[in-house]
Amino acid sequence: MFDKLHEECGVFGIFGHPEAANLTYLGLYALQHRGQESCGIVASDGMQLKAHLGMGLVADVFKHDGIFERLPGPSAIGHVRYSTAGGNDMKNCQPIMVDYSRGSIAVAHNGNLVNAQELRNQLEKSGSIFSTTADTETIIHLIARAQSDSLVERVCESLKQVKGAYSLAFLTETRMIAVRDPNGFRPLSLGKLDGAFVVASESCAFDLIEAEYIREIEPGEMIVVDKNGMKSYFPFNQESRNTPCIFEYIYFARPDSRIFNRMVYPVRKEFGRQLARQYPVDADMVIAVPDSGMPAAMGYAEESGLPFELGLIRNHYVGRTFIEPQQSIRHFGVKLKLNPVSDLIVGKRVVVVDDSIVRGTTSRKIVKMIRNAGAKEIHVRISSPPTSYPCFYGIDTPSRKELISASHSIEEITRYITADSLCYLQLEGLHAALAQFGDHKIDFCDACFSGQYPVKFPRLKDDNQLGLF
Ligand code: AMP
């Protein structure tokens, strides 16, 4: 039984560089924001695959002497991962590596398969023994059972059976394969460094290793790299819609990254501008909830003509409060992470900009903190619509009953977070902002806001709890 629905991850891969594992380490370091719970690297020396995986941050898992000597060879893939309910143990660390009749293969996955349980049930009935509770392992079993002789065809055979979101990097002894699902939910870019091909969830990983950004891998595209160079295939039925995840632009990706062929920062800033056009307020200053609200707050300030101030200072030595598993710790966490600049705020009317409200816990704490620092009025502006539906494609959103806007009106949420006013950028506003970049024709997945899921998923045991059907 899979014990989780929501998983956030980052993937990296490099083929044809003498320092493959070291560069993968750096790439994962740049992608750390995509997952902080576990990480791993699998490297190939052309003869065999070797792995090092562990729970924790990249800098901790790879801190001991001699690890990179045990990961020799010119190619490597890596993974950072965070998942919510259960499954937080070693066995679910990625890349998943197996030996089977045709050699060894490893895979790193960002996304979430919606029919993995169904496929796993069938595979188990016919004798497969799973060693993880991760949906990704299904892909490996399907590859091992595929009939085709060529690896590329076996991977295609496997992926044609899975549905949902996947940006994948595979590594065998002699090849690297990178694939994006036909909907292109999650980003995956292609780059080059000293003649070696590199793939990464976000281009910020290329910047760190000084690789050249080439382009986004297309939805439904498969890139195969071996000693003869790179080949691109489109093996899937291309009738699928291209539905990249809008939340990557709102929150998840780093603002200095290029994803879906576009830099995140200006898009995020434009969300803030749009928010200011639609929901202006008479106030003395605009402040951001750092770091996630920063670009949108700057956009809001620019558009409204209000001064932008650093009213909240972040302690950078604390992880994201959202990832703390217990409610009690999460409450405390906001205080650990943020502190108001009281002399700046006292007696002032403050606009506070953040990217999203999920459970409402963070906003409530922040508003109270700013109020205690002496603010006269607090107007909260959120640069995305109310998050009312869980994601089944690889963003960690809690179940519907925990999403405050699934069961409360904006007036009720305003009272709960104790703000003087609260406004969300609505879907039309988001799309209007994207249109400024010529992206209005792209059919972004906005299921977390609209409940319109582009790829259907099987009914879950806790249907009623989720309140989706
Ligand atoms: P909450 O207290 O649940 O309302 O948390 C909202 C905060 O979590 C916002 O400041 C967001 O920046 C952040 N956030 C939203 N979605 C996610 C996510 N999927 N993973 C981690 N943090 C998130």
Side-chain angles (χ1 to χ4, degrees), residues 4-10 31-37 80-85 110-112 165 185-186 201 245-255 264 268 271-272 287-297 312 314 318-338 352-370 380-408 410 412-414 416-419 422 424-425 445-449:
K4 61 195 177 293
L5 283 169
H6 315 298
E7 192 163 286
E8 296 177 344
C9 304
L31 297 173
Q32 185 78 80
H33 62 290
R34 297 186 72 87
Q36 303 86 16
E37 193 179 81
V80 288
R81 168 181 175 274
Y82 166 61
S83 81
T84 36
N110 173 209
N112 194 63
F185 283 106
R186 301 277 140 239
S201 295
C245 166
I246 206 161
F247 202 68
E248 292 273 356
Y249 276 149
I250 294 166
Y251 169 80
F252 201 43
R254 261 171 56 161
V264 176
R268 217 166 265 178
F271 291 156
I287 69 172
V289 177
D291 292 330
S292 57
M294 218 51 124
L312 287 168
R314 177 173 169 187
V318 190
R320 286 180 176 183
T321 57
F322 195 88
I323 66 167
E324 302 292 353
Q326 285 160 15
Q327 194 74 2
S328 55
I329 302 175
R330 194 179 303 124
H331 276 268
F332 193 60
V334 177
K335 243 179 143 173
L336 276 179
K337 193 167 102 171
L338 298 174
V352 182
V353 181
D354 201 0
D355 66 286
S356 58
I357 294 181
V358 182
R359 296 176 178 87
T361 327
T362 309
S363 308
R364 183 179 159 92
K365 284 277 152 193
I366 288 170
V367 171
K368 289 193 164 180
M369 193 182 263
I370 297 171
V380 177
R381 296 292 180 270
I382 302 295
S383 63
S384 68
T387 308
S388 302
Y389 299 89
C391 177
F392 293 94
Y393 313 125
I395 292 283
D396 167 42
T397 34
S399 71
R400 203 157 142 71
K401 69 170 191 201
E402 290 171 82
L403 292 169
I404 191 166
S405 62
S407 52
H408 294 80
I410 295 182
E412 286 167 335
I413 302 172
T414 313
Y416 175 72
I417 66 169
T418 71
L422 164 67
Y424 292 86
L425 183 62
C445 174
D446 53 23
C448 49
F449 309 126

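Numbering of ligands and ligand atoms starts at 1, following listing order. Being a predicted model, the structure only gives us computed values, none of them experimental.
Only side-chain heavy atoms of F247 come within less than 4.0 Å of ligand 1; its backbone N, CA, C and O stay farther off.
Looking at G360 next to ligand 1, an N or O pair under 3.5 Å apart turns up.
The minimum heavy-atom distance linking N110 with S201 is given by the pair OD1-OG, 4.3 Å. When all heavy atoms are compared, the tightest approach of C9 to R34 is O-NE, 2.9 Å. Across all their heavy atoms, I357 and T387 have their closest contact at O-OG1, 3.5 Å.
Close approach of ligand 1 to D396 is summarised as follows: ligand atoms under 4.0 Å from at least one heavy atom of the residue are 18 (C), 19 (N). Atom numbering of ligand 1 starts at 1 in the shown order; those under 4.0 Å from a heavy atom of S292 are 12 (O).
For the ligand labelled ligand 1, residue K365 lies outside the 4.0 Å heavy-atom shell. A heavy-atom separation below 4.0 Å is found between S356 and ligand 1. Ligand 1 lies out of reach of Y82, whose nearest heavy atom is not under 4.0 Å from it.
Between the side chains of S405 and S388, a donor-acceptor pair is found at a separation under 3.5 Å. A donor-acceptor contact under 3.5 angstrom links the side chains of S292 and D354, judged on distance only.
Which of V334, I395, D355 comes nearest to atom 11 (C) of ligand 1 through a heavy atom is settled by distance: it is D355. The closest non-hydrogen atom to atom 6 (C) of ligand 1, taken over V289, I250, T362, comes from T362.
The shortest distance between side-chain heavy atoms of L425 and I382 does not fall below 4.5 Å.
Both tests do not hold together for R186 against Y393: distance to the six-membered ring centre under 6.0 Å, angle to the ring axis within 45°.
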